[in-house]
Amino acid sequence: MFKRKTTISGITSLIASVQDIHWSRTQILSLFSQVILLLIGLIIISSTIIDMGERRLQEDWAGQRYSELQTVASLATDKMGFLQFRTQTFANGELLRQYLSSPNEEQKQKLFQSWNSLTQNIPELLGLALYDPQGKLKFSTSNNLENLTLPQKLLKGKSTMGGAEIYSSDMAFTPIDGKLEPYIYQLAWLENLDQSINGYLVTFNSVTRLLDTIKPAFFNPNSPLLLLDSQSFLYAGANQPSPLNNMPDTLGASLKQTNPELWQSMAMNNFGQFHSKDSTFVYLKVELTGQSESKKEYFFLSYIRHQDIAARFDPWKMVLIVASIVIGLLGIGVIVFRQRYLMENKARNNSIRLSNGLFNTELSYAIVNDSGRILGINNSAANSLNYQLNTLTDRSLQRVINLSDDKFEALKTILRTDQYWSGCVSLEDDNHQVNIHIHRQALSQKEHYWIVVFNDISELVASRQQAFLNQLLSENAIATTLTNAEGKVINCNHSFDNLMQLRGEHQVDIKTLLGSEISDIWSNILTQVTLQGEWQGHVTPFDQSRFIENLKITVMGHMSLEGDIEYLIFTVETNATGPVINHNMITPKSSMVMRLVDLENYFNNTSENIKASSSLLVMDINPEGIFSNMGDISQLEKRQQDIEVQMLIDLPANYQLAHWQLGKLVLFLPHTDATRTHLFAIEMLKKLATKHLDEGINIGIAGYCAPQSLEQYLINADVALKRAKQSGDQNICQAFTRTFDYESKSPLE
């Protein structure tokens, strides 16, 4: 009916040309202005990121270098403390003590040999010297150290120091091998037993060698490390690789003269950073040789050129530039494609309006693109789908007709191969069904569209459902009624209507019609119908019943695909005799024993008044030591089956028996207090004993504590069961029970 005709090909081409995109001068200018703004923004952002990156790298370097300076300063201080300890050790040496006690040439030679060995093996130890009590040099290990004159304030009587204390001097220079060597000397007092002065021991230590032992392990060897005193004179760090023009590079040079701004910042702070135009400095003040006599402070200083930081940042700069270029190209592409998309969208809207005009009829039509997106739909189709017309445009056909991804992909595959698909789908619920026919047509070689026809067949489906229900009823010639899983009558035949005197009033409950005999065992009926597909029993007339004869009831079930009861078919035969439960009908593995989930449903549907007067009994039928391995499981199942059959013979109609797990049964006893439950358990064990089935059985009883779920109810009963197992002298115990005032009744009632 919607076949393409070659006679309208010219019209089709004309329509496609009208709807094609056209670039106007305004659109081209708009496109170029957006591209220029994008490029300017990228240049500004890239330049800002590069500047911020270099600045951040400067800050990271400064933070790392300050941490290194702290480490070096701490180690240098510790090293100076160790030098003091070492000087004290030399002062307490045995050879020195022997020489002082008996100063002769032999002792002097031994002492010289020992001191020479120390200076050769300790790099920072320049030499040792011995002074007499008047402060005059007696002898030293190096000629370069003979010019030292001890300060008068250190001589005994003029200084508060002495004994085991060590004096550390300020840094000074001495020429060694034609080079200035910064050093610190340490003086130890050599006292007699009467605390009189016997002389002074002086050790000379190289500052540069001391730092050389620390710097390689905790400092970047390529970074300069300068040591200056409190007057800005350089004591270590000369001969820097490519030093800055305004930095001292020779020992004894003054930073205050070469870089006064940096020195002013250092003099006013104990630590910090200083940023100049082309470099970054980090400094830290430290007290290396602090004494009570004088305070000696020094500065550690390090720096880096900004051009070196920029060189380190060059790889990241290249990455940023390349990323900016890529982002710029992608941005230009997005701008172009967005402009084209807007123009194509406008053309597509024109096509949608044309489609709506072509298919604006009373029939249900829709036009869908090849990816399943609705382009146009008429009002009749929207009504068939129960949607507002304005909400369907540009929506996915898959979502509208509630198809899964797999089914929709299969639909598109069939359309691409066969150019046609038809099927029936359910919308919202099973009562609203729509029959769909889809034809795939080509507008051009690259463009395809779907012509979709909708037919609402909900009434037809309802008629078929009603016919199916009538067919279920007509299969029985005797009195028959059809109910849902809750027992609400859906329909019945004429015989059942006459028997129950309904007179056409079918909005009743089958449990009300058949009385309490059916209501009390309703959950058991559902269980047996689920397991065996059928249940049979007898009911007798009762007060206000609609029948006067005994009835034989047969219940059959109609199951859903999930295995749940969907409908129940009751057939009723008159002139039947017998009780509600026929003992001969119990099968070897009784279907009257419920699953735990069915018991839970029954429990949840029971009123709170019935629960409040109920008890729960848990029975363990697994004797310890008898069933101990996997080979005994079949024996335990057989024993459990025998116990179930025996219990069901005398089980009251309103008691519910269910499986809990292999070896455990659960019994729900409504309208039964703990005392009556206990008596019932004793009577039940006696009857099991007559069949030799009572061995190893333990029973736990719990009362209902409102409000309570079945799970908590089972936990309480299991507590009682554990007590029964532990008691040793009895096999029935109670927990969480209390007494109710009910009329005295037999426990088997």
F542 and F547 aromatic ring geometry - parallel, tilted or perpendicular at 30°/60° bounds: perpendicular

Under 4.0 Å between a side-chain nitrogen and a carboxylate oxygen: does that hold for D598 and R595? yes

Above 12 or not: heavy atoms from other molecules or residues under 6.0 Å from CD of Q507? no

Search all heavy atoms of K611 against all heavy atoms of F603 and return the closest pair with its distance. CE-O, 2.8 Å

Would R440 and D370 pass as an ion pair if we require N to O under 4.0 Å? yes

Please determine whether a side-chain nitrogen of the Lys or Arg among R503 and D497 lies less than 4.0 Å from a carboxylate oxygen of the Asp or Glu. no

Donor-acceptor pair, side chain of T690 and main chain of L688, under 3.5 angstrom: no

Test side chain to side chain donor-acceptor pair (under 3.5 Å), reference E644, set Q646, Q641, Q640, output is Q640

Distance, nearest 0.5 Å, that separates CD of Q656 from CG of L669: 9.5 Å

d(N484 CG, I565 CD1) to nearest 0.5 Å is 10.5 Å

Would you say the rings of Y704 and Y713 are close, in the sense that their centroids are separated by under 6.0 Å? yes

Y602 versus N654, closest heavy-atom pair with distance: OH-O, 4.3 Å

Using modelled atom types only, decide if a donor and an acceptor are shared between the side chain of N402 and the backbone of Q398 within a distance under 3.5 Å. no

Between L385 and V400, is any pair of side-chain heavy atoms under 4.5 Å apart? yes

When every non-hydrogen atom of N716 is compared with those of Q708, the smallest separation belongs to ND2-NE2, 2.7 Å

Just checking K722: does its NZ atom have more than 12 heavy atoms from other residues, nucleotides or ligands closer to it than 6.0 angstrom? no

Under a 4.5 Å cut-off applied to non-hydrogen side-chain atoms, are N550 and P541 in contact? yes

Under 3.5 Å donor-acceptor, R676 side chain and H671 backbone: yes

Closest approach of H678 to Q734 (non-hydrogen atoms, all atoms of both residues): ND1-NE2, 3.0 Å

Partner set under side chain to side chain donor-acceptor pair (under 3.5 Å) for S560, not counting sequence neighbours: E562

Contact check, side chains of V529 and E534, non-hydrogen atoms, under 4.5 Å: no

Exactly one candidate in Y365, Y420, W450 meets ring-ring contact (aromatic ring centres under 6.0 Å, His included) with H439; the answer is Y420

Nearest heavy atoms of L551 and M500, plus distance in Å: CD1-CE, 3.9 Å

Measuring from atom CD1 of I518 to atom CZ of F570, what distance do you get when rounded to the nearest 0.5 angstrom? 7.0 Å

Smallest heavy-atom separation, G372 atom then V368 atom, equals C-CG1, 3.3 Å

Quick one: are I699 and N731 in side-chain contact, heavy atoms under 4.5 Å? no

